[in-house]
Amino acid sequence: MSVVGFDIGNENCVITAVKHRGVDVLLNDESNRETPAIVCFGEKQRFMGAAGAASAMMHPKSTISQVKRLIGRKFKDPDVQKDLKMFPFESCESPEGGIGINLKYLGEMQTFTPVQIMGMLFAHLKDVAEKNLEIPVSDCVIGIPSYFTDLQRREYLNAAAIAGLKPLRLIHDCTATALSYGIYKTDFAEGGTSYVAFVDIGHCDTQVSIVSFEAGHMRVLSHAFDSNLGGRDFDDVLFGYFAEQFKEQYNIDVYSNLKSRIRLRAACEKLKKVLSANADAPLNIECLMDEKDVRSFLKREEFENLASGLLERFTIPCRKALADAGLHVDKIHSVEIVGSGSRIPAISRFLASLFSKEPRRTLNASECVARGCALQCAMLSPVFRVREYEVQDCIPFSIGISLDEGPICTASNANGVLFPKGHPFPSVKVLTVQRSSLFHLELFYANPNELPPGVSSKISCFTIGPFQGSHSEKARVKVTVKVNLHGVVTVESALLIEGDVDDPVMKHNAHSNVDNMESECNSIDSYTTVENVQDSTSMQSKSCHSSDDCVMRDKGSQRFEISISENIYGGMTKSELAQAQEKENHLAQQDRYVEKTKDKKNALESYVYEMRDKLFNTYRSFASDLEREGISRSLQETEEWLYDEGDDETENTYISKLEDLKKLVDPIVNRYKDGEARAQAIRDLLQC
Ligand code: ATP
Ligand code: K
Ligand code: MG
């Protein structure tokens, strides 16, 4: 069984696997440790990862990168619009308000969703892993930004399902990083609790988490982020600067030409990287536009001035992470910076002044997320034994719940918050509701200020019922709401309780599933009862640490499972998912077919070259002049055909062409083999 981790970046993906008691980074087809997050649609087949990056310039309008940015987002979201303007492919609004990616493939315009494209990328990474490990890969752990909403998490799970992957967990990037840091670190053991700030600066975003470490245990205290601040924004500053300069100096407007734009952006990213190690760097692009070569130059200092506004912005998520963790900066034992976007020296300097301490780079900046994912996979996998190590993560956004009448509020839970931000998860809460017939529960983000800008606070709606209580009075319905290991929230079950009850709190704690829930999740903390929902809503909770505290005998009450139907706002239905899986199978089949055809064509081509050579050397004395001439002619004809009308033929055509040639050549090959065998026999005889 596979034990694999995936870090899916906006720019780079890293694949890891647990092997021989350690974590290995798996190499892609080009023997690189990082794989570009690119899906490119060529004429007849898709190119993904490294091959996608190589074909990107040939097919700019059908090359999709940074698709992670678009997962689970709305087309009209201003942030999304900004991204879409920058991307070379065309897009549209889907009927449900989501994003459609339009591109020409196999001779027709086709529309794909970000989930489908992400599914393709997952499938490619799975392929790479399978080639490496030589076993089927399915169980895995995948890193996600902590600021992913419920919908984005579900979309990731759908994309994984399209690719045939089974994520045991979607894990927050910084949590994975903290795990790969904490599990090997033993010097925490003596000193009690240590608080570490992890700052991950990627291509498009920045994430900051504060984590407390104790022997055998890590606990994430807070997640903060800027979903629009990463290496890309530094490229953008350079892009704007040079676009302006070239307008003046060369009278070219790169904004008006797609390929020039792409080339300048790539050159800016390269310049940025060179400036991380050098005090100045040139920027030269041949034939950028209107056949003009451009030449320029930038000092690191100038770059830092241009980017000073971006640097300032790192303050906000860092301060927020500290505040949410309830820690003063003095309490931070160390600051660990990761993500390749952090390689700009000015960023380290800025963070040093912000935290009043030099940031450290203990971990491999580009691999730590993926390594943490593989470790987590090993910990969750039944086939592996890993050192006992407890990972406790926390909920990034407060989740609220409401009934038909409105939020379920109590004195301690204004806004109807069921799972507050910072609450450990996985977590289960049980509500007891008095209803006489079908009702709805709505889950939502209770505090829109916590969310990335433009993101909807609606999550999902659950219809509970229909049901019929046997008594005329309202029946009690016990509803279990769960935030699972992926950070996805669902109404797990609804039970209709019939019979006498004296103490509703104790009674509902008698839930027969309590034992199961205990074993199912790491943190099961409180059971909540909502009574008299219609008149006054009250919410009581009782802490519960061991199942003994909770399980009570219940006398004379009966329970029935009530059906639940869920509506995930903006999510895929089961049949849409099945369709997407089928579509992916077709596309993958097409890719395989094209690859196989290429192989057959190559086989024919090399046969022509090989036989031409052998005919006049190895086989020379085994063929008559007439035979040689005839075969030679056929080989010549085949070669010409290959470069002409045979350039783009079916697999079977290449196969039958090869067979035709073999029919001519085989008799000569056989004569040669016979001759060889005879010669060998004579040699053997002579040796005796
Ligand atoms: P995300 O986390 O946003 O999904 P990602 O994980 O793909 O993206 P990383 O691979 O961590 O992102 O970082 C990519 C960014 O790092 C790019 O913007 C790239 O230009 C930048 N980068 C890489 N090397 C350097 C360098 N030497 N100096 C400055 N920036 C660099
Ligand atoms: K990455
Ligand atoms: Mg990243």
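For ligands, and for the atoms within them, numbers begin at 1 and follow the listed sequence. Owing to the predicted nature of the structure, the values given are computational and were not obtained by experimental measurement.
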Below a 4.0 angstrom heavy-atom separation, can you tell me which part of [X], side chain or backbone, both or neither, approaches ligand 1?
{"X": "S276", "result": "side chain"}
{"X": "K68", "result": "side chain"}
{"X": "E269", "result": "side chain"}

### Query
How are the rings of F314 and F234 set to each other: parallel, tilted or perpendicular (split at 30° and 60°)?
parallel

### Task
Using heavy-atom distances, let me know which of H203, K273, Q66, E367 sits nearest atom 25 (C) of ligand 1.
K273

### Task
Quick one: do T35 and H124 satisfy side chain to side chain contact (heavy atoms under 4.5 Å, CB included)? Show the steps, please.
CA-CA 10 Å; T35 298; H124 173 68; 4.2 Å; yes

Of all the atoms in ligand 1, which lie at a distance below 4.0 Å from a heavy atom belonging to [X]?
{"X": "G231", "value": "18 (O)"}
{"X": "I344", "value": "29 (C)"}
{"X": "G339", "value": "11 (O)"}

Around [atom], find the nearest protein heavy atom and jot down its residue, atom name and distance.
{"atom": "atom 6 (O) of ligand 1", "result": "G9 CA, 3.6 Å"}
{"atom": "atom 2 (O) of ligand 1", "result": "G202 CA, 3.5 Å"}
{"atom": "atom 31 (C) of ligand 1", "result": "S340 O, 3.4 Å"}
{"atom": "atom 21 (C) of ligand 1", "result": "K272 NZ, 3.6 Å"}
{"atom": "atom 10 (O) of ligand 1", "result": "N12 ND2, 2.9 Å"}
{"atom": "atom 26 (C) of ligand 1", "result": "R343 CB, 3.5 Å"}
{"atom": "atom 14 (C) of ligand 1", "result": "E11 OE2, 3.6 Å"}

Please confirm whether [X] and [Y] have ring centers closer than 6.0 angstrom.
{"X": "H172", "Y": "F425", "answer": "yes"}
{"X": "F213", "Y": "Y181", "answer": "yes"}
{"X": "Y241", "Y": "F303", "answer": "no"}
{"X": "F239", "Y": "Y255", "answer": "yes"}

For [X] and ligand 1, does the shortest N/O to N/O distance drop below 3.5 Å?
{"X": "C204", "value": "yes"}
{"X": "G341", "value": "yes"}
{"X": "D7", "value": "no"}

### Query
Can you find a side-chain donor-acceptor pair between Y445 and D150 that sits under 3.5 Å?
no

### Task
State whether F148 and R153 meet the cation-pi test: NZ (Lys) or CZ (Arg) under 6.0 Å from the six-membered ring centroid, and within 45° of the perpendicular axis.
no

### Message
A quick test of your reading: do over 12 heavy atoms of other residues, nucleotides or ligands sit less than 6.0 Å from CD of E301?
### Response
no

### Task
Kindly check if the number of other-residue, nucleotide or ligand heavy atoms within 6.0 Å of CZ (R361) is above 12?
yes

### Query
If you look at D7, which of its N/O/S atoms is nearest to the K ion (ligand 2)?
OD2

### Task
Among V208, V329, L221, L354, find the one that has a side chain to side chain contact (heavy atoms under 4.5 Å, CB included) with L322.
V329

